[in-house]
Amino acid sequence: MFLRIEGLSFGYRSNSILRDIHMNMEKGQVVSIVGPNGAGKTTLLKSIASILPPKKGTVWLGGKDVYSLKSRDLAKIQGYVPQHTASGFPLTVMETVMLGRKPYIRWGVSSEDLHIVGTLLSDLHLDRYTTRYLDELSGGERQKVWIARALAQQPDLLLLDEPTSALDIRHQLEVLELVRKLSKHSGILVILILHDLELAARYSDEIYMLKDGEVFASGRPEEVFTRTNMERVYGVKVEVASAKYGLKMTAVEPVWT
Ligand SMILES: Nc1ncnc2c1ncn2[C@@H]1O[C@H](COP(=O)(O)OP(=O)(O)OP(=O)(O)O)[C@@H](O)[C@H]1O
């Protein structure tokens with residue numbers, strides 16, 4: 001098992017946020033973490049990214065405890081794109097994506113680094129912006145740049161916190177198609193946080209549904225997105241139907257408890 005989370009618990013001060021999380025994931029999978037606002041999704045992703053050390057439990061990545069890895073070594077295995085990313089100082093698109101090569105660069109940028117970055121910029125249709133500064137891009141374009149930077153790390157694990165939230169429908173599909181392609185062709189494990197449950201159903205091999213800091217349900221999309229689970233976790237009556245590209249979910253009405 002490439003990623004194993006064993007009994008992970010986390011809290012901010014005395015406030016318990018994640019409780020006894022267990023997860024197992026293999027390379028080549030696309031896994032979505034879903035759940036209502038405040039369920040603990042971002043906290044969980046930050047724990048996997050080794051940003052938040054757990055109160056209890058461990059995250060094993062390729063047989064190693066992520067919290068014991070040096071940041072340079074971790075950066076070669078894992079790319080993390082947070083929900084809101086701000087660049088501290090002015091950088092162009094090219095410079096930003098090249099930063100993803102930092103863990104590999106010893107004496108200077110190599111032709112391989114340039115090739116990897118150039119390919120990513122072209123795959124994400126960012127090549128016409130290479131010399132633009134990030135603050136001259138739209139929110140969606142900037143989001144794709146952060147994803148390209150994480151991919152430039154050539155990670156085995158890619159963590160994306162709501163990667164499609166600033167994207168229009170075409171760019172949502174473009175990013176998720178690329179993510180799926182990379183996952184299948186390059187064997188990357190991709191863990192996404194998505195609020196759009198139909199997109200999650202369409203692009204994920206597996207879903208983890210969180211409620212109040214615990215895993216409420218996990219499995220294939222059709223096993224997790226059931227009427228009962230949706231009602232219990234989101235408090236909404238939902239009609240779920242099979243569709244050509246996954247599942248169609250229609251929110252009917254809130255359930256008042
Ligand atoms: N720095 C912090 N200090 C204290 N509490 C925090 C902090 N960050 C988040 N929390 C709390 O932890 C809980 C889980 O937050 P988290 O951001 O992980 O939820 P989420 O499922 O990602 O939510 P959303 O869907 O709204 O992004 C929330 O109750 C939140 O208020």
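In each ligand, atom 1 is the first atom listed, and ligand 1 is the first ligand listed.
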When you measure from [atom] to every protein heavy atom, which one gives the shortest distance, and what is it?
atom: atom 17 (O) of ligand 1; result: T42 CB, 3.6 Å
atom: atom 14 (C) of ligand 1; result: G38 O, 3.5 Å
atom: atom 1 (N) of ligand 1; result: Y12 CE2, 3.5 Å
atom: atom 26 (O) of ligand 1; result: N37 ND2, 3.0 Å

message: Y203 vs E177, test: side chain to side chain donor-acceptor pair (under 3.5 Å). Steps then yes/no.
response: CA-CA 8 Å; Y203 285 98; E177 290 288 341; 2.8 Å; yes
Measuring from non-hydrogen atoms of [X] to any atom of ligand 1, is the shortest distance under 4.0 Å?
X: N15; result: no
X: G35; result: no
X: H195; result: yes
X: P36; result: yes

Residues L121, V97; criterion side-chain contact (heavy atoms from CB on, under 4.5 Å); working and verdict: CA-CA 8 Å; L121 290 172; V97 179; 3.8 Å; yes
field: Evaluation steps, side-chain contact (heavy atoms from CB on, under 4.5 Å), between V236 and E231
entry: CA-CA 5 Å; V236 175; E231 196 167 319; over 6 Å; no
- request: State, without any angle test, whether Y245 and E198 hold a side-chain donor-acceptor pair at a distance under 3.5 Å.
  value: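 No.
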query: Is there a donor-acceptor contact under 3.5 Å linking the side chains of S9 and D20?
result: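 There is no such pair (donor and acceptor under 3.5 Å, judged by atom type) between the side chains of S9 and D20.
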message: Quick check on atom 19 (O) of ligand 1 - does any protein heavy atom sit closer than 4.0 Å to it?
response: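 Neighbour list for atom 19 (O) of ligand 1 includes protein heavy atoms (cut-off 4.0 Å).
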Verify atom 6 (C) of ligand 1: protein non-hydrogen atom under 4.0 angstrom away: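 At least one protein heavy atom is under 4.0 Å away.
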field: Residue portion contacting ligand 1 (non-hydrogen atoms closer than 4.0 Å) for T43
entry: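 Both of them.
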task: Using a strict 4.0 Å cut-off to heavy atoms of I17, name the atoms of ligand 1 that fall inside it.
output: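 Near I17, meaning under 4.0 Å from one of its heavy atoms, ligand 1 has 11 (C), 12 (O), 13 (C), 14 (C).
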- request: Taking only heavy atoms of G40 into account, list the atoms of ligand 1 that are under 4.0 Å away from them.
  value: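 What qualifies from ligand 1 is 14 (C), 18 (O), 19 (O), 20 (P), 21 (O).
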message: I'd like to check whether K41 has a polar contact with ligand 1, where a contact means an N/O of the residue lying under 3.5 Å from an N/O of the ligand.
response: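 In this structure, K41 places an N or O atom under 3.5 Å from an N or O of ligand 1.
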task: Output yes when K184 and D205 qualify as a salt bridge under the 4.0 Å nitrogen-oxygen rule, no when they do not.
output: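 Yes, K184 and D205 are salt-bridged.
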- request: Tell me, with the steps shown, if H22 and E6 meet side chain to side chain donor-acceptor pair (under 3.5 Å).
  value: CA-CA 5 Å; H22 291 261; E6 282 181 350; over 6 Å; no
task: Using the ring of Y129 (Phe, Tyr or Trp, six-membered ring only), decide whether R132 places NZ or CZ under 6.0 Å from its centre and within 45 degrees of its axis.
output: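 That pair does not qualify as a cation-pi contact.
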field: Residues Q154, R101; criterion side-chain contact (heavy atoms from CB on, under 4.5 Å); working and verdict
entry: CA-CA 8 Å; Q154 295 194 304; R101 298 300 300 155; 3.5 Å; yes
